[in-house]
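For reference, the structure discussed in these notes is given below.
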Amino acid sequence: MKAVTWQGKRKVSVDTVPDPTIEQPTDAIIKITSTNICGSDLHLYETLGAFLDPGDILGHEPMGIVQEVGSEVGDLRVGDRVVIPFQMACGHCFMCEQTLFSQCETTQVRESGSGAALFGYSKLYGQVPGGQAEYLRVPQAQFTHIKVPDGPSDDRFVYLSDVLPTAWQAVAYADVPAGGTLVVLGLGPIGDMCCRIAQTLPIARVIGVDLVP
Ligand SMILES: [Zn+2]
Ligand SMILES: [Zn+2]
């Protein structure tokens, strides 16, 4: 298959690499139909390069169609349309039961003291091949997926992988009282989504601040 691989600082390329295969009964293989480039990918492009090897597949915001499943993937079926979140989570450990999925104890990368394993995000997060590729192996697939309906186009769903819940959580943590005011500093994609999310809540005033008028 074709995949976007990291080759060095500020250097990525599209290469032909081996197709992923089922390695564990909890794995699924997804045929990717859409995938985003994230601001977080810029960290890999620059400063986190020390934690990648040439050939590592990037990408953590994909969606697609389930192509193949292991024997322990719950109700996930071949043909299901799914968004794959940034982090891999089992859904049944202590942390997952507290809904702290990004700290999943089953996939946690303890050697580097980080949280749950992340797709395409360096040795610090498990060096798991990412989703800027034609196919993706999804570990802990019984829980690491969001099923979405057929019909609407991919761009209606693909932001569920990272940016939309990240923005949602930022607004939730701000915990603005009804009738209060929210200030959002920085209007990149996350800040922009924070403003839009805030406008769906009983927040009286949303003020967006950015260097670009
Ligand atoms: Zn992202
Ligand atoms: Zn877990």
Side-chain angles (χ1 to χ4, degrees), residues 3-6 12 24-28 30 32-49 51-52 56-64 70 72-76 82-133 136 138-146 148 154-173 186-194 196-197:
V4 174
T5 65
W6 185 92
V12 298
Q24 300 289 333
T26 46
D27 286 353
I30 311 296
I32 302 300
T33 54
S34 289
T35 182
N36 304 326
I37 297 173
C38 179
S40 299
D41 288 322
L42 293 175
H43 304 317
L44 306 178
Y45 203 55
E46 292 274 356
T47 48
L48 288 182
F51 301 102
L52 284 100
D56 281 358
I57 302 174
L58 304 177
H60 59 265
E61 302 193 9
M63 68 176 291
E72 295 172 25
V73 294
D75 63 358
L76 193 64
V82 289
V83 176
I84 304 301
F86 197 163
Q87 76 281 346
M88 282 145 261
C90 72
H92 55 69
C93 70
F94 175 82
M95 286 302 197
C96 284
E97 281 171 2
Q98 318 302 310
T99 72
L100 297 170
F101 307 121
S102 64
Q103 300 301 319
C104 172
E105 292 179 319
T106 304
T107 72
Q108 227 173 51
V109 186
R110 293 183 178 80
E111 311 85 89
S112 58
S114 55
L118 302 176
F119 287 101
Y121 217 71
S122 86
K123 293 171 192 170
L124 296 175
Y125 293 94
Q127 203 170 25
V128 182
Q132 285 172 16
L136 175 69
V138 179
Q140 300 298 322
Q142 77 285 354
F143 191 75
T144 305
H145 69 268
I146 302 161
V148 297
D154 279 7
D155 61 5
R156 303 304 298 161
F157 299 115
V158 72
Y159 299 119
L160 285 171
S161 56
D162 180 6
V163 279
L164 183 54
T166 296
W168 182 276
Q169 200 67 25
V171 175
Y173 285 156
L187 298 176
I190 303 283
D192 183 57
M193 284 190 201
C194 286
R196 292 176 190 221
I197 289 163

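Atoms within a ligand are numbered from 1 in the order they appear, just like the ligands themselves.
When each of Leu42, Thr35, Asp41 is paired with Cys38, the side chain to side chain contact (heavy atoms under 4.5 Å, CB included) condition holds for Asp41 and for no other. Looking at Thr166, Ile84, Asn36 one by one, the single match for side chain to side chain contact (heavy atoms under 4.5 Å, CB included) with Ser161 turns out to be Asn36.
The closest side-chain donor-acceptor pair between Gln140 and Gln142 falls under 3.5 angstrom.
Draw a line from the Zn ion (ligand 2) to SG of Cys96 and another to SG of Cys93, and the angle between them is 100° (to 10°).
The N, O or S atom of Asp162 with the smallest distance to the Zn ion (ligand 1) is OD2. Counting just the N/O/S atoms of His60, the one with the shortest distance to the Zn ion (ligand 1) is named NE2.
At a cut-off of 2.8 Å, Cys90 is counted among the residues with an N, O or S atom near the Zn ion (ligand 2). For a distance bound of 2.8 Å, the N, O or S atoms of Glu61 include one lying that close to the Zn ion (ligand 1).
Aromatic ring pairs are classed by plane angle as parallel below 30°, tilted from 30° to 60° and perpendicular above 60°; the pair Phe86 and His60 is parallel.
A donor-acceptor pair is defined here as one N or O able to donate and one able to accept, closer than 3.5 Å; such a pair exists between the side chain of Gln108 and the backbone of Gln103.
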